[in-house]
Amino acid sequence: MKLVAAANVRRAHEAVVNGRPFSEALVEVLYNINEQLQNEDIDIPLTKVRPVKKVALVVCTGDRSLCGGFNNAILKKAKARNVVLKDLGLSCTVISVGNN
């Protein structure tokens with residue numbers, strides 16, 4: 001079981017390392033768009049600062065074996081966050097990804 005877990009961790013680590021160039025490029029593009037919007041007087045509805053009324057909570061759980069503890073922790077955090085959002089008077093929609 002340790003060998004299987006080590007292989008899974010190695011694969012996950014490689015996926016994160018391989019995804020870094022994409023995430024860095026995405027951050028750069030978003031930063032440049034934000035800079036242009038700050039410097040120019042553009043009237044785009046998506047750039048308006050508005051009060052938050054609705055929140056989408058995306059909950060991603062694992063589909064593989066041996067992830068019961070991980071899934072349990074994720075679901076507890078999601079439930080706690082949902083309670084906090086409800087206490088703030090916000091409408092919250094939960095979008096679940098995964099089998100659990």
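As a basis for the values below, the full set of heavy atoms in this structure was taken, side chains included, without hydrogen atoms, waters or symmetry mates.
Annotation: side chain to side chain donor-acceptor pair (under 3.5 Å) contacts of N72 (sequence neighbours excluded): none. For the side chain to side chain contact (heavy atoms under 4.5 Å, CB included) test, no residue two or more places apart in sequence or in another chain qualifies with V27. Among residues two or more places apart in sequence or in another chain, the side chain to side chain contact (heavy atoms under 4.5 Å, CB included) test is passed with R11 by A7, N8, R64. Residues passing the salt bridge (Lys or Arg N to Asp or Glu O under 4.0 Å) test with R20, sequence neighbours excluded: none. Applying the salt bridge (Lys or Arg N to Asp or Glu O under 4.0 Å) criterion to E35, with sequence neighbours excluded, gives no partner residue. By the side chain to side chain contact (heavy atoms under 4.5 Å, CB included) test, K86 is found to be paired with N82, C92, residues two or more places apart in sequence or in another chain being considered.
No chain of hydrophobic side-chain contacts below 4.5 Å, direct or via other Ile, Leu, Val, Met, Phe, Trp or Tyr residues, connects V83 to I74.
Counting heavy atoms from C-beta outward, R10 and E14 have side chains that approach closer than 4.5 Å. Taking the side chain as every heavy atom from C-beta outward, V59 and V97 never approach each other to under 4.5 Å. For the pair I95/L57, no side-chain contact is recorded, criterion being any heavy-atom separation below 4.5 Å from C-beta on.
Residues V52, V55, V84, L85, L90 make up the rest of the hydrophobic cluster containing L88, defined by ILVMFWY side-chain heavy atoms closer than 4.5 Å, directly or through other members. Other residues sharing the hydrophobic cluster of L30, ordered by chain and number and joined by side-chain separations under 4.5 Å: F22, L26. Through side-chain heavy atoms spaced under 4.5 Å, either directly or across other Ile, Leu, Val, Met, Phe, Trp or Tyr residues, V16 is tied to no other residue.
N71 places no side-chain N or O within donor-acceptor distance of the main-chain N or O of T61, the cut-off being under 3.5 Å.
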